[in-house]
Amino acid sequence: MKIMNIQDLIRPTIKALKPYSSARDEFQGVTDDMVFLDANENPFENGVNRYPDPQQNKVKVLLSKIKSVPTKNILLGNGSDEVLDLIFRAFCEPNKDNVITLPPTYGMYEVLANINAINIIKVELSSSFEPQVNKILEAVNSDSKILFLCSPNNPSGNSFKVESIETLLNKFKGLVVIDEAYIDFSNEKSWLERLSEFPNLIVTQTLSKAYGMAGIRLGVCYASEEIISIFNAIKPPYNVNELTQQHAIKRLEKEDEVTNEINKIKVQRKLLISELEKIDFISKIYPTDANFVLVKVDDANKRYDELIQKGIVIRNRTTQPLCENTLRLTVGTKKENEILIKALTDLSGLTKQ
Ligand SMILES: *Cc1c(COP(=O)(O)O)cnc(C)c1O
């Protein structure tokens, strides 16, 4: 097991912080028959007149069961965006520290770095969208605090090689965030299983994709108890609202429904890929472990506009590094995918036999 001092990585201001103590933090033995006159709430019941549980305990207990991770290793946020922002604010000193990103990847890491005045060291993925481990290790310096690995990667769709991630976890002296937003569509194992092996590992997941709850905004962070307690000290006290918690609980209690939908999406993914192979202006379909497919076309801007004309919105990724003339297609329902394929077939005019 890797030995590492997390305390050395925390920003000095955060280390010295005395967190806000909410009414619900100060009294926790909540039972339904008590009289609550501590938080200046309106006492008339309407379903949301009380502050939500600041620790989202019921949601965490369900996640803990599903993911086999103790609740003390879980932090919830208002979408992954909030979770990622907390990571920056806890560990990266503005105008001094830096983070490493591996383009092409999820755009939020860079936006959050810019918001927080953190330098970015970019080390492009290889042409097969794999991390270039040696180049990454050569590029880092003593101010490098976080390495972002998105696996399966958005927009390429592939999962990174286990050995590459392992080497980076072992050799990088800062924190390694593995963004597993698409892990539930993947055939690879989650890094959650190995959380206790790497003190510098943070895994982020979300209810926005496979769990079908983008609208409620619930992001999940898994890490050592030490790291989670730092985030707890700086998160807004009631960062996950009552309605979000209620919706999440209902959904997580019906985990088999989620699994069923994921399986349907995987079947559709396979079907969609086999149909995309017949479109003559698609020259490459990149391997995917996610609920989307990146394809290379003859002219991404032109094909994007043509699809918009037909009422179909996809993502044009042509301006991203290594992604010239690529389009990212989300796997939809059977019907939606058929509409997409029909449009592509019509545009292509002649399909490969
Ligand atoms: C969609 C996505 C997320 C999810 O973000 P939320 O804020 O939880 O909706 C996170 N990371 C990646 C790579 C994504 O593609």
Side-chain angles (χ1 to χ4, degrees), residues 56 59-60 63 67 74-89 99-113 115-116 120 122 125 129 131 146-160 165 175-186 188 190-192 201-223 231 235-236 239-241 243-245 247-248 251-252 258 261-262 265 269 286 288-294 313-317 320-323 326-332:
Q56 310 97 17
V59 182
K60 284 184 189 169
L63 278 172
K67 301 284 180 178
I74 306 177
L75 177 114
L76 301 181
N78 183 11
S80 303
D81 300 338
E82 183 181 41
V83 168
L84 294 169
D85 191 51
L86 285 174
I87 300 174
F88 273 97
R89 289 197 288 151
V99 299
I100 301 102
T101 67
L102 314 182
T105 193
Y106 186 48
M108 268 319 272
Y109 315 134
E110 181 166 359
V111 173
L112 288 168
I115 291 170
N116 288 289
I120 308 175
K122 294 182 186 177
L125 295 170
F129 297 123
I146 306 167
L147 166 62
F148 287 98
L149 302 176
C150 186
S151 182
N153 187 44
N154 179 3
S156 56
N158 61 306
S159 297
F160 297 156
I165 296 183
L175 300 167
V176 177
V177 174
I178 306 183
D179 185 339
E180 292 191 336
Y182 299 98
I183 192 66
D184 300 294
F185 301 108
S186 170
E188 298 292 322
S190 165
W191 283 84
L192 282 182
L201 171 59
I202 296 176
V203 176
T204 63
Q205 296 185 358
T206 176
L207 267 66
S208 298
K209 305 286 160 58
Y211 281 79
M213 309 203 88
I216 70 168
R217 313 303 304 128
L218 191 66
V220 192
C221 172
Y222 302 91
F231 295 149
K235 82 174 183 67
N239 63 326
V240 178
N241 74 68
L243 299 176
T244 293
Q245 294 190 42
H247 277 278
R251 183 76 166 158
L252 294 171
V258 178
E261 289 175 14
I262 292 170
I265 292 168
R269 174 174 71 189
Y286 293 89
T288 182
D289 233 0
N291 66 332
F292 56 83
V293 189
L294 190 73
V313 188
I314 53 157
R315 200 85 199 265
N316 186 353
R317 298 283 74 187
Q320 299 295 302
L322 307 171
C323 292
T326 60
L327 301 172
R328 194 192 68 193
L329 318 170
T330 304
V331 180

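For reference, positions follow the sequence shown, starting with 1. Because the structure is a prediction, the values reported are computed rather than measured. Remember, it's 1-based here, ligands and their atoms both numbered in the order they're listed.
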request  = State, without any angle test, whether N154 and R328 hold a side-chain donor-acceptor pair at a distance under 3.5 Å.
outcome  = yes
query = When you check the side-chain N and O atoms of Q205 and D179, is any donor under 3.5 Å from an acceptor?
reply = no
message = If only side-chain N and O atoms count, and only distance matters, is there a donor-acceptor pair under 3.5 Å linking N153 with D289?
response = no
task = On the 0 to 90° scale, with breaks at 30° and 60°, tag the F148-F88 ring pair as parallel, tilted or perpendicular.
result = parallel
Using a cut-off of under 3.5 Å, which N/O atoms of ligand 1 pair up with protein N/O atoms, and what distance separates each pair?
unit_1, atom_1, unit_2, atom_2, d
ligand 1, 7 (O), S80, N, 3.0
ligand 1, 7 (O), D81, N, 3.4
ligand 1, 7 (O), D81, OD1, 3.3
ligand 1, 7 (O), R217, NH2, 2.5
ligand 1, 8 (O), S80, N, 2.7
ligand 1, 8 (O), S80, OG, 2.8
ligand 1, 8 (O), T206, OG1, 2.6
ligand 1, 8 (O), S208, OG, 3.4
ligand 1, 9 (O), S208, OG, 2.6
ligand 1, 9 (O), R217, NH1, 2.8
ligand 1, 9 (O), R217, NH2, 3.2
ligand 1, 11 (N), D179, OD1, 3.3
ligand 1, 11 (N), D179, OD2, 2.7
ligand 1, 15 (O), N154, ND2, 2.9
ligand 1, 15 (O), Y182, OH, 2.6
ligand 1, 15 (O), K209, NZ, 3.3

query = Can you name the salt bridge (Lys or Arg N to Asp or Glu O under 4.0 Å) partners of E261, sequence neighbours left out?
reply = R251
query = Quick check: does any side chain N or O of N116 sit under 3.5 Å from a backbone N or O of L112, one acting as donor and the other as acceptor?
reply = yes
